[in-house]
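Keep in mind that what you see is a predicted model, and the values were worked out from it rather than measured. So you know, we letter chains A, B, ... as the sequences are listed, proteins then strands, and number each from 1.
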Protein chains: 2
Amino acid sequence: MLAEQRRHQIMLELQRTGQARTTQLAENFGVSEVTIRSDLEILDAKKLLIKTHGGAIALPASSPAAAFEERMNRNFDAKRRIAQMAARQIIDNQSIVFDSGSTLLQVAMQMPPVSNVVVATTAMNIAQHLMYRPGLDVHMIGGRVFPSTVSTIVSDSDKAVGGLVAHQAFLSAHAIDHAFDVVDVSEDIARTKRNLVRMARRVILVADSSKWDIGASSKAFSLSRVDLIITDTGMPHGIRSRLDKLGVEVRYV
Amino acid sequence: MLAEQRRHQIMLELQRTGQARTTQLAENFGVSEVTIRSDLEILDAKKLLIKTHGGAIALPASSPAAAFEERMNRNFDAKRRIAQMAARQIIDNQSIVFDSGSTLLQVAMQMPPVSNVVVATTAMNIAQHLMYRPGLDVHMIGGRVFPSTVSTIVSDSDKAVGGLVAHQAFLSAHAIDHAFDVVDVSEDIARTKRNLVRMARRVILVADSSKWDIGASSKAFSLSRVDLIITDTGMPHGIRSRLDKLGVEVRYV
DNA sequence: TCAATATTTCGATTCCTTTCGTTTTGATCT
DNA sequence: AGATCAAAACGAAAGGAATCGAAATATTGA
């Protein structure tokens with residue numbers, strides 16, 4: 001086995017388990033520990049791993065906070081344009097519902113100055129971004145806190161905000177499956193989205209093109225229930241032509 | 001497991017919960033406590049955490065807002081001690097209500113590891129601190145968001161958490177007036193505190209000595225409704241003797 | 001042969017544990 | 001409030017096992 005190939009195998013092992021021991025590697029590859037150490041030294045110099053006493057560990061994994069940043073940065077440009085368009089839908093004297101998610105946080109941050117607007121949201125980060133703004137009344141929708149999205153899970157929307165009927169609801173999607181249903185990873189989240197949809201007369205969905213044609217376990221609501229879809233043009237061609245026939249207003253940014 | 005990886009795991013644990021105990025870590029990793037202590041010493045030297053008696057705590061948040069808040073925070077030491085005592089009241093298999101406020105955020109941060117505990121709170125910062133902790137179910141109590149305390153104002157507690165009856169409620173006070181009523185700056189906040197008090201069978205009030213004998217516009221509830229008061233000894237002498245005659249358990253830290 | 005690669009050897013270093021005497025902490029009792 | 005006591009946590013030291021780096025040596029392939 002070539003030295004280069006052996007190093008590649010070491011990297012694979014590290015990606016699988018997050019760590020590798022010098023002793024183990026030497027035994028597996030049938031070479032001396034000194035050889036393995038020199039491999040690790042070379043890979044460390046290339047910043048591909050971190051050499052430690054006894055072996056090596058993978059590069060520092062991203063923290064929860066960093067993971068959210070990462071999600072935020074994925075498709076960032078499309079999300080920003082989508083958010084800009086969405087934020088323009090908000091006008092004075094309206095009540096609005098915000099779902100959680102990185103795209104909707106963008107929408108909140110790009111919201112123009114308004115007056116006499118009521119915002120209800122399940123997302124703590126959105127609430128915290130909006131609460132200082134003048135002309136805005138922010139309502140946090142209560143429920144069990146879901147860590148990965150920093151938002152609440154709503155069991156009963158009617159109780160949650162005292163029967164508020166909003167003019168518009170802004171929803172995001174974890175994924176949109178082949179049957180044009182907005183789907184998510186858990187029934188809890190799906191139910192929350194259903195409740196949010198029911199709270200508003202007009203439903204706006206923001207979804208960048210990476211969300212299309214992906215399955216997930218729990219259906220939240222059908223695209224036909226949506227009044228306006230804001231997305232970008234990067235989706236597969238077949239999807240787009242079907243979407244245009246659906247009878248729902250779609251804006252591409 | 002490699003030593004370096006173990007240290008990284010310690011850092012992750014600290015980022016999640018804000019603290020870590022030597023005993024717990026030694027048990028989790030299957031190494032001696034001496035080893036953990038040496039790990040903590042090394043990480044402390046790198047300024048990645050602060051080693052303390054019994055374990056380590058995360059570095060204080062360095063955001064401008066947090067720093068400002070901390071600098072403005074008078075009586076920080078007393079609050080920390082009060083919080084420590086309060087956190088010890090929390091045991092497994094309980095449901096707990098948290099009011100908002102800097103002292104109660106401290107309580108949340110100093111909460112020991114627990115299992116099967118349900119926490120309901122109006123404070124977003126408390127919810128965000130607790131949501132990653134294992135053994136905890138965090139419920140955000142919905143309502144209008146009040147910027148200065150980063151918390152919600154509850155109009156109707158029964159609706160807010162589906163009629164949850166908690167074992168204990170931890171309340172803070174903006175001020176306590178001459179008639180031994182907990183008072184606050186607005187009727188909205190006072191009503192919220194009243195609602196939180198009604199939600200629990202046992203009410204614990206945390207209040208450092210600077211809160212005593214100050215008036216405010218809106219009465220929240222009377223001290224006689226409280227089951228346990230945790231405070232420090234810096235209050236005027238006359239207050240203290242009256243307090244001891246009130247028939248409410250008081251602990252001084 | 002030359003250069004890259006791998007191995008062996010060996011003293012130095014790191015890691016981890018056990019032991020032991022000291023300090024801190026929290027609870028109880030005046 | 002102050003004193004007291006036991007449990008928990010601590011630091012320092014010592015020793016053993018694993019690992020390391022460096023240098024000399026052996027192997028491999030053009």
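One can place CZ of B:R80 at 10 Å from P of C:dT25, the figure rounded to the nearest angstrom. Following rounding to the nearest Å, B:Q110 (CD) and C:dT25 (C1') show an atom-to-atom distance of 14 Å. The separation between B:L2 atom CG and C:dC16 atom P is 9 Å, rounded to whole Å. Rounded to an integer number of Å, the gap from CD of A:E41 to P of C:dA6 is 14 Å. What separates CZ of A:R21 from P of D:dA17 is a distance of 17 Å, to the nearest Å. Note: CD1 (A:I36) to C1' (C:dA6) measures 11 Å, nearest angstrom. Atoms CG (B:L25) and C1' (D:dA8) sit 16 Å apart, rounded to a whole Å.
Checked against D:dA9, C:dC16, D:dG21, the side chain of B:T23 finds its nearest nucleotide in D:dA9. Comparing atom distances between the B:H53 side chain and each of D:dA12, D:dA9, C:dC15 picks out D:dA9 as nearest. Side chain of A:S32, nearest nucleotide from D:dC20, C:dC15, C:dT7: C:dT7. Picking from D:dC10, C:dT17, D:dT19 the nucleotide with the shortest atom distance to the side chain of B:R37 gives D:dC10. Of the candidates C:dC16, C:dA6, C:dT17, the closest approach to any side-chain atom of A:R6 belongs to C:dA6.
At a threshold of 4.5 Å between non-hydrogen side-chain atoms, the residues A:V145 and A:M124 count as touching.
When the side-chain nitrogen and oxygen atoms of B:R88 are compared with OP1 and OP2 of C:dA27, one or more of them lie within a distance under 4.0 Å. Between A:K51 and D:dG21 there is a side-chain N or O to OP1 or OP2 distance below 4.0 Å. Note on A:T35: every side-chain N or O is 4.0 Å or more away from OP1 and OP2 of C:dA6.
Contacts classified as salt bridge (charged side-chain N to carboxylate O under 4.0 Å, His left out) and involving residues 140-154 of chain B (residues at least two apart or in different chains) are given here: A:D137-B:R144, B:R144-B:D188. Sorted by first and then second residue, the side chain to side chain donor-acceptor pair (under 3.5 Å) pairs involving residues 18-37 of chain A (not counting sequence neighbours) are A:S32-A:T35.
For B:H167, the NE2 atom is densely surrounded, since the number of other residues' heavy atoms within 6.0 Å is greater than 12.
With 3.5 Å as the limit, one finds a donor-acceptor pair spanning the side chains of B:N116 and B:N93.
Nucleic acid contact class of A:S38 (heavy atoms, under 4.0 Å, all strands): none. B:R240 comes within 4.0 angstrom of sugar-phosphate atoms only, judged by non-hydrogen atoms across all strands, and of no base. Within 4.0 Å (heavy atoms only), A:V34 reaches at least one base atom of the nucleic acid.
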